[in-house]
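Presented below is the structure to which this report refers.
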Amino acid sequence: MSRLWTLLTHVHAVSGPVLMLLYPLYASVMAIESPSKLDDEQWLAYWIIYSFLTLTEMILQSILEWIPIWYTLKLALVAWLVLPQFRGAAFIYERFVRENIKKYTGARDHQHHSHQSSPNGSGKAKKKFVQFITPKKGEQEPY
């Protein structure tokens with residue numbers, strides 16, 4: 001029985017990095033390479049939510065270490081976020097993150113439009129920045 005318990009402990013310890021990092025990394029690369037944008041949204045949403053979860057975990061570490069089943073709960077949450085049957089990351093992003101971003105950027109954009117966005121008010125500074133970071137037609141991107 002002790003060998004079974006040891007095996008289960010090792011499987012539990014390895015399942016976290018596989019479920020939280022290795023599979024999402026692989027799926028993200030496959031999503032970038034696929035023509036569909038739906039899977040891109042799922043994996044970008046996953047990385048946003050996983051980053052937020054990790055930051056929250058770092059901040060609340062002293063509290064979470066007192067909860068013995070925290071790692072198991074986190075594994076279950078990440079499984080729901082990752083597994084394609086559930087598309088949990090896309091759900092959370094659509095339901096909560098996008099709404100808050102729209103509220104924040106909508107208010108900021110409205111405030112931005114009421115003031116001038118550049119000294120002459122034409123928004124040329126933003127256009128120059130976008131032109132700086134995007135290649136012109138016919139130019140190759142350096143890799």
Side-chain angles (χ1 to χ4, degrees), residues 1-118 121-137 139-143:
M1 183 66 178
S2 69
R3 288 185 181 182
L4 177 63
W5 186 252
T6 303
L7 176 67
L8 288 175
T9 303
H10 287 296
V11 168
H12 189 262
V14 169
S15 63
V18 169
L19 188 66
M20 292 180 218
L21 295 171
L22 290 179
Y23 176 70
L25 283 168
Y26 170 77
S28 296
V29 170
M30 293 296 107
I32 289 171
E33 296 301 322
S34 77
S36 171
K37 295 295 178 197
L38 189 62
D39 53 359
D40 295 357
E41 290 177 11
Q42 161 67 18
W43 292 110
L44 283 171
Y46 171 77
W47 291 112
I48 291 167
I49 294 165
Y50 182 74
S51 298
F52 181 74
L53 178 64
T54 303
L55 288 171
T56 303
E57 195 174 29
M58 287 170 58
I59 292 168
L60 300 176
Q61 181 180 6
S62 60
I63 296 168
L64 294 175
E65 65 189 21
W66 287 94
I67 303 172
I69 61 168
W70 167 246
Y71 189 71
T72 304
L73 291 173
K74 181 180 173 182
L75 275 176
L77 172 66
V78 170
W80 180 74
L81 292 173
V82 165
L83 292 175
Q85 297 89 335
F86 302 115
R87 292 186 39 82
F91 174 80
I92 294 288
Y93 186 82
E94 290 290 327
R95 187 77 175 210
F96 301 105
V97 178
R98 179 172 277 159
E99 287 180 14
N100 288 315
I101 287 174
K102 282 184 177 180
K103 285 179 189 176
Y104 174 73
T105 58
R108 196 168 129 210
D109 288 344
H110 184 284
Q111 185 181 35
H112 226 27
H113 290 302
S114 64
H115 300 298
Q116 292 181 346
S117 58
S118 64
S122 65
K124 286 184 182 177
K126 184 177 179 183
K127 288 180 186 176
K128 283 183 182 178
F129 179 72
V130 171
Q131 289 172 350
F132 173 72
I133 62 172
T134 56
K136 293 180 176 62
K137 289 183 182 180
E139 285 185 9
Q140 292 271 337
E141 287 189 43
Y143 287 109

- Note on the structure: On a heavy-atom basis, the closest approach of Ala45 and Ala89 is CB-O, 3.5 Å

- Task: Please step through side chain to side chain contact (heavy atoms under 4.5 Å, CB included) for the pair Val78 and Tyr23, ending with a clear verdict.
- Result: CA-CA 11 Å; Val78 170; Tyr23 176 70; over 6 Å; no

- At what distance, to the nearest 0.5 angstrom, does CG of Leu60 lie from CG of Leu55? 11.0 Å

- Note on the structure: All heavy atoms of Glu94 vs all of Glu99, minimum pair found to be O-CG, 4.3 Å

- On the 0 to 90° scale, with breaks at 30° and 60°, tag the Tyr46-Tyr50 ring pair as parallel, tilted or perpendicular. parallel

- Task: Measure across Leu25 and Trp47 and return the closest heavy-atom pair with its distance rounded to 0.1 Å.
- Result: N-CZ2, 3.7 Å

- Gln42 side chain to Leu81 main-chain N or O, any donor-acceptor pair under 3.5 Å? yes

- Message: I need the minimum non-hydrogen distance between Ser15 and Leu75, along with the two atoms involved.
- Response: OG-CD1, 3.6 Å

- Item | Pro17 to Tyr71 - nearest heavy-atom pair and separation | CD-OH, 3.9 Å

- Message: Quick check on Gln61: does its CD atom have over 12 non-hydrogen neighbours (other residues, nucleotides or ligands) under 6.0 Å away?
- Response: no

- Note on the structure: To the nearest 0.5 Å, atom CD1 of Ile48 lies from atom CZ of Arg98 at 9.5 Å

- Task: Test side chain to side chain contact (heavy atoms under 4.5 Å, CB included) on Phe91 and Trp80 and set out the steps.
- Result: CA-CA 10 Å; Phe91 174 80; Trp80 180 74; 3.6 Å; yes

- Task: List the steps, then state whether side chain to side chain contact (heavy atoms under 4.5 Å, CB included) holds for Asp39 with Met30.
- Result: CA-CA 9 Å; Asp39 53 359; Met30 293 296 107; over 6 Å; no

- Partner of Ile49 by side chain to side chain contact (heavy atoms under 4.5 Å, CB included), out of Ile92, Leu77, Thr54: Ile92

- Shortest non-hydrogen contact from Trp43 to Ser28? CB-OG, 3.6 Å

